[in-house]
Amino acid sequence: MSSESWWTRDFYAATGQLSDYSMIPAAFTREYHVLAEVCSSMTSGFMLLNQQRVIYSNPSALRLLQISKRDLVTPQDFSVRDHLLALAADPRQAHSELENLWQHPEQEYSTDLALADAAARWLRIRSFPVHDNRGMLLGRGLLFDDITLERSAAEAQGETLARAAHELKTPLAIIKGCATTLLGSSARWDPAMQREMLQMIDTQSDRLYEVLNTLLDVWRLDSGAQPLRLTQVNLAELLDQFIRRWQKHSPNHRFVLSIMPDVPMLMCDPLRVEQILTHLLNNAVAYSPAGSVISVRLEINEVEARIGILDEGIGIAQEHLDRIFDRFYHVPHGDEQSSGSGLGLAAARAAVQAHGGRIWAESPGPGEGASFYFTLPFAPKITVSAQQTAPLPALQDTAPLTLGTSRTAPLRQDRRVHVLLAESDQRLTRYLRANLEEQQYRVHTVNHGIQFLRHLDLDEPDIILLSSRLADMSGVELLQRLREFSQIPIIMLCDDDSDEDERVYLFDLGCDDVVMKPFGMKELLARVRAILRRRAAGEEKPARSPIFRTGELEIDHAQHQVTVGGKPVQLSRTEYNLLNVLAQNAGRVVTHELLLEKVWGPEYNRDVDFIWVYISRLRRKIEADSRRPRYIVTVPDVGYKLMKL
């Protein structure tokens, strides 16, 4: 008996295709039954071929190749090679690949095959020789793997890179062309033409900066490297203020806001929510005719809020609805060229998904308008491991805990000086930011007063550079409001038309320095260093234990974290400072006046009602029953006491 016929009988016996079991030793039959059971549970397709005949095939191979067991009843009539050629999307290319595989059964070989009308769009085929114990070739084994997702991901990545290259190449080409023209023959151009070219360079630099910044933002959110700063937000109020600003920004469109009654507070990152709305409204305005209505709707159910942006624009064909959130994807509109980068909707999707929400688009078709919806859960499910938990910064009234994926080091481990730059001139902002970051400062920029105040809710900078004019309010108003609750050093950046009385007024309001535009960068940096030195010299760091405990309440002063029963409690900056003052005097009564002075400043020492509001909010967060407080006890007409338990 040849090794070839022996091998065939054994496998036929193991797979139930041989009736005369007496021809095969019992041990061999048992082993092959075990192997057959293992192969049948494989997700990869597996076939054994005795020369060209199929002697074994597991269920996964039958599924991937779309064949039935009846096709293998007479194996000599079935050719795996011919069947693969019939399934191939490109039979000519497949013939060449399979020819190489079939002509060398004694070698290992692998190829990827594109299929048409099959269970898998891409199939990876791997061939390997099978020998007997004497080294003689018995046949070959074939492994089949569905690599459709792998190929799709690679194609999508390649397509994204190609689109990114195109988006970056266009502004770079314009910048290069204008710069080369000016450098090569600047004497030929009159001042007006030179200024036009410089403006083109500036405009395309802005576009390039926007594309790179948004792309980086999308990548960080998708990868979890960008943490969310969660806080309790009145979504109805946020939308109302946001739409009012947009109505001023886009007077050629009419914005209609519809809000369901009794919308509860929502846990979210307000800056990210505003970015989502900005991208969606930019899209609605760009593709809607002047004079049309853009509706913004806020609806809620038991678990989430849903926001819709509905326009009366050019609409979207059904085949594009699933792809418009892809990076750099543009919906073709005839001969019209899209002015956007194709990243706005991708950034909106990344921010929504980072909150645990969903985003989608609907449209009856071209010319029928479009509707964009996204959801935000009332309590986003963001998993933070014990080693990755970011600390609670010293935050203002509505400031959040910082949650999200981070390295094992806490956020506060970044010891660089934090500079908040508030300036409406984008070119000056880029110039200042570049020079400040070159000096290793950590810089955050805003151009609206609302953004300025909201950033102070989220984080406390070491120094502020505040322009006298922002996009929506004056720097004087912001300085007044800031000095109501904070003594952060402020350098005012004033226009050159301000007189001496105005500058004196700014000093009286509480700014630390005034710099006139235009200014020298060396002088500005020197003034920043001088203020930071004075602040460092005057800071007093109270000696205290890094951990305070009473009952199940724990305050980690080093990490700025508060837990009750081991569960983190989200406190605003004011609430944290209030609890901190009570903890420093645990077991002793702290008067209303002292609390007001320590937390809000001397000018608030008579506003007792002010403190009652925050004590109530604090109790609701740390007490099991805020009506019967265990930790913060009221001493009538005197103050409050944090009990030692």
Open item on the list: For Arg244 and Gln247, which I'm curious about, is there any donor-acceptor pair between the side chains at under 3.5 Å?
Closed with: no
Task: Name of the residue among Leu376, Thr375, Val263, Leu266 meeting side chain to side chain contact (heavy atoms under 4.5 Å, CB included) with Ile300 - done: Val263
Task: Where Leu466 and Ala422 come nearest, the two heavy atoms and their spacing - done: CD1-CB, 3.7 Å
Task: Polar side-chain atom of Asp513 near backbone of Ile491 as donor-acceptor pair, under 3.5 Å - done: no
TODO: Name the orientation class of the two ring planes belonging to His249 and Trp246 (parallel below 30°, tilted from 30 to 60°, perpendicular beyond 60°).
DONE: perpendicular
Open item on the list: If I compare all heavy atoms of Pro568 with all of Thr563, which pair ends up nearest, and what's the gap?
Closed with: CA-CG2, 3.9 Å
Task: Short N-O contact, Glu575 and Lys621, less than 4.0 angstrom - done: yes
Open item on the list: Is it the case that the side chain of Tyr631 and the backbone of Glu552 share a donor-acceptor pair, with hydrogens and angles ignored and the cut-off at 3.5 Å?
Closed with: yes
Open item on the list: Quick one: does any side-chain atom of Asp462 pair with a main-chain N or O of His418 as donor and acceptor, under 3.5 Å?
Closed with: yes
Open item on the list: Looking at every heavy atom in both Gly369 and Pro364, which two are closest together, and how far apart are they?
Closed with: O-CD, 3.7 Å
Open item on the list: Is the positively charged end of Arg306 above the ring of Phe374, judged by distance under 6.0 angstrom from the centroid and angle within 45° of the axis?
Closed with: no
Task: Side-chain donor/acceptor of Ser474 to backbone N/O of Glu477, under 3.5 Å - done: yes
Open item on the list: Check the orientation of His592 and Tyr640. Use parallel for under 30°, tilted for 30 to 60°, and perpendicular for over 60°.
Closed with: perpendicular
- [ ] Indicate whether any N or O donor in one side chain lies under 3.5 Å from an N or O acceptor in the other, for Arg617 and Ser626.
- [x] no
Task: Partners meeting side-chain contact (heavy atoms from CB on, under 4.5 Å) with Met265 (sequence neighbours left out) - done: Gln232, Asn234
Open item on the list: Looking at Asp262, I want to see if its CG is surrounded by more than 12 non-hydrogen atoms of other residues, nucleotides or ligands under 6.0 Å.
Closed with: no
- [ ] Give a yes or no on this: more than 12 heavy atoms of other residues, nucleotides or ligands lie within 6.0 Å of atom CZ of Arg297.
- [x] no
Open item on the list: Closer than 4.0 angstrom, basic N to acidic O: yes or no for Glu423 and Lys517?
Closed with: yes
Task: Donor-acceptor under 3.5 Å (Glu623 side chain, Ile632 main chain) - done: yes
Open item on the list: Given 3.5 Å as the limit, does a donor-acceptor pair link the side chain of Asn580 with the main chain of Tyr576, or not?
Closed with: no
Task: Closest non-hydrogen atom pair, Cys494 against Val514 - done: SG-CG1, 3.7 Å
TODO: May I have all residue pairs that pass salt bridge (Lys or Arg N to Asp or Glu O under 4.0 Å) and include part of residues 353-376, sequence neighbours excluded?
DONE: Glu304-Arg358
